[in-house]
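Only one structure is covered here, and it is reproduced in the block below.
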Amino acid sequence: MTKRPTKEIILEKALKLFADKGYDGVTVRDIAAEVGIRQSSLYKHYMSKQEIFDTLVDTMQSRFMDASAAFQLPSGEIREIAQEYAKDSTDILKKISSEIFHFYLKDPYASQFRKMLSIEKYKSEEIDRIYREVYIDTAISNQAQIFEEMINQGYMRKADPKIMALQFFAPIFLLLNRYDGIAEQEAEAIEILGKHIEQFDKIYREGEIK
């Protein structure tokens, strides 16, 4: 069996400690003890606790990009993405939203990362910025662009695309918080999520897709 790299184990243990105790409540000594190495040995891999945190943020972004590829999110020019969303009616939105929901709810790294940021965003402006960028601003901005293009192509009713994106994502984020810690009820959450998407589509869909 291949031995896992120490750097990887350090990140895993640090993330768990940060999620449980918060960034300020954890020392480098705590992380080293959790890994089972000397503090001096940990510094061979990371220069500081801040570097560990920054690496966790970068790693999370990479993991989500890898997960997004696995979700088979539509890619390419915005016009093509809008057409892809439109032609499959609610099916593609249900598939993508349920897989993203599953990722954030049950992936050990993603769920602990979100918990860590939820704790620390009230203590640090920088962490609050990261939290908003990762979980709110980027998602809403990207979805608003897609809705705007779908409106321009006649697939959806004319409306404010930013408000549409807010209306689309708010229930998803609420459900994620509602079912956090009770992942065994994921099926119930996914069913509600599907009904939300169907209702959203009925409100904004413009005619039949040709």
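Reckoned from all heavy atoms, side chains included, excluding hydrogens, waters and symmetry mates.
In this structure, CD1 on Ile197 lies 3.0 Å from OG on Ser97, to the nearest 0.5 angstrom. Distance CD/Glu34 to CD1/Ile9: 11.5 Å, rounded to 0.5 Å. Atom CD1 of Ile37 sits about 6.5 Å away from atom OG1 of Thr6, to the nearest 0.5 Å. With rounding to the nearest 0.5 angstrom, the CG atom of Leu175 is 9.5 Å from the CD atom of Glu188. Ser48 contributes atom OG, which lies 10.0 Å from atom CG of Leu42 (distance to the nearest 0.5 angstrom). To the nearest 0.5 Å, atom CG of residue Leu17 and atom NZ of residue Lys49 are 10.5 Å apart.
You'll find the side chain of Ile203 stays beyond 4.5 Å of the side chain of Gln167, heavy atoms only. Counting only heavy atoms from C-beta outward, the side chains of Leu176 and Phe101 approach each other to under 4.5 Å. Side-chain contact check for Ile52 versus His45: every heavy-atom pair is 4.5 Å or farther apart. For the pair Met60 and Leu56, the minimum side-chain heavy-atom distance is 4.5 Å or more. In this structure, Val28 and Tyr43 have side chains that are in contact, with non-hydrogen atoms separated by less than 4.5 Å.
Centroid-to-centroid, the aromatic rings of Tyr131 and Tyr135 come within less than 6.0 Å. Between Phe168 and Tyr204, the gap from one ring centroid to the other reaches at least 6.0 Å.
The environment of CD in Glu184 is crowded: more than 12 heavy-atom neighbours from other residues, nucleotides or ligands sit within 6.0 Å. For NZ of Lys16, the number of neighbouring non-hydrogen atoms (other residues, nucleotides, ligands) closer than 6.0 Å is 12 at most. Atom NZ of Lys162 sits in a sparse spot, with 12 or fewer heavy atoms from other residues, nucleotides or ligands closer than 6.0 Å. Within a 6.0 Å radius of CD in Glu8, other residues, nucleotides and ligands contribute more than 12 heavy atoms. Under a cut-off of 6.0 angstrom, the local environment of NZ in Lys7 is crowded, with over 12 non-hydrogen atoms contributed by other residues, nucleotides or ligands. Residue Lys123 qualifies as enclosed at atom NZ: its count of foreign heavy atoms under 6.0 Å is above 12.
Linking ILVMFWY side-chain heavy atoms closer than 4.5 Å, directly or via other members, places Tyr109 and Tyr104 in a single hydrophobic cluster. Residues Phe173 and Ile140 share a single hydrophobic cluster, defined by chaining ILVMFWY side chains whose heavy atoms lie under 4.5 Å apart. By the rule that hydrophobic residues join a cluster once side-chain heavy atoms approach within less than 4.5 Å of another member, Ile119 and Leu105 end up as members of separate clusters. Leu174 and Ile100 fall into different hydrophobic clusters, where Ile, Leu, Val, Met, Phe, Trp and Tyr side chains are chained together by heavy-atom contacts under 4.5 Å.
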For this session: Check the pair Asp91, Lys95 against salt bridge (charged side-chain N to carboxylate O under 4.0 Å, His left out), reporting the backbone distance first and the verdict last.
Result: CA-CA 6 Å; Asp91 291 344; Lys95 178 178 183 294; over 6 Å; no
For this session: Would you check, one step at a time, whether the test side chain to side chain contact (heavy atoms under 4.5 Å, CB included) holds for Asp20 with Lys115?
Result: CA-CA 8 Å; Asp20 290 342; Lys115 183 180 177 182; 3.6 Å; yes
For this session: Begin from the C-alpha positions of Lys202 and Glu198 and carry the test salt bridge (charged side-chain N to carboxylate O under 4.0 Å, His left out) through to its verdict.
Result: CA-CA 6 Å; Lys202 287 180 180 179; Glu198 289 175 359; 5.8 Å; no
For this session: Determine, stepwise, if the pair Tyr23 / Gln50 fulfils side-chain hydrogen bond (donor to acceptor under 3.5 Å, both in side chains).
Result: CA-CA 9 Å; Tyr23 181 84; Gln50 183 63 51; 3.2 Å; yes
Problem set entry | Arg114 vs Ser118, side chain to side chain contact (heavy atoms under 4.5 Å, CB included): CA-CA, chis, key distance, verdict | CA-CA 6 Å; Arg114 184 167 57 86; Ser118 296; 4.2 Å; yes
Exercise. Glu125 and Arg129: salt bridge (charged side-chain N to carboxylate O under 4.0 Å, His left out), yes or no, with the steps?
Worked result: CA-CA 6 Å; Glu125 289 185 3; Arg129 182 194 66 76; over 6 Å; no
For this session: Check the pair Ile31, Tyr46 against side chain to side chain contact (heavy atoms under 4.5 Å, CB included), reporting the backbone distance first and the verdict last.
Result: CA-CA 11 Å; Ile31 299 171; Tyr46 296 100; over 6 Å; no
Exercise. For Gln83 and Tyr155, what are the C-alpha separation, side-chain angles and deciding distance, and is it a side chain to side chain contact (heavy atoms under 4.5 Å, CB included)?
Worked result: CA-CA 8 Å; Gln83 291 172 346; Tyr155 296 132; 3.7 Å; yes
Going by atom type alone, with no hydrogens or angles, which donor-acceptor pairs under 3.5 Å involve a side-chain atom of residues 142-150 and a protein atom two or more places apart or on another chain?
unit_1 : atom_1 : unit_2 : atom_2 : d
Asn142 : ND2    : Thr138 : O      : 3.3
Glu149 : OE2    : Gln153 : NE2    : 2.8

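Under 4.0 Å is where a charged nitrogen must lie from a carboxylate oxygen, and between Lys195 and Glu191 at least one such pair does.
Lys13 is linked by a salt bridge (Lys or Arg N to Asp or Glu O under 4.0 Å) to nothing, counting only residues two or more places apart in sequence or in another chain.
Side-chain polar atoms of Thr55 and Asp58 form no donor-acceptor pair below 3.5 angstrom.
In plain terms, the two heavy atoms of Pro171 and His196 that are nearest each other are CG-CE1, 3.5 Å.
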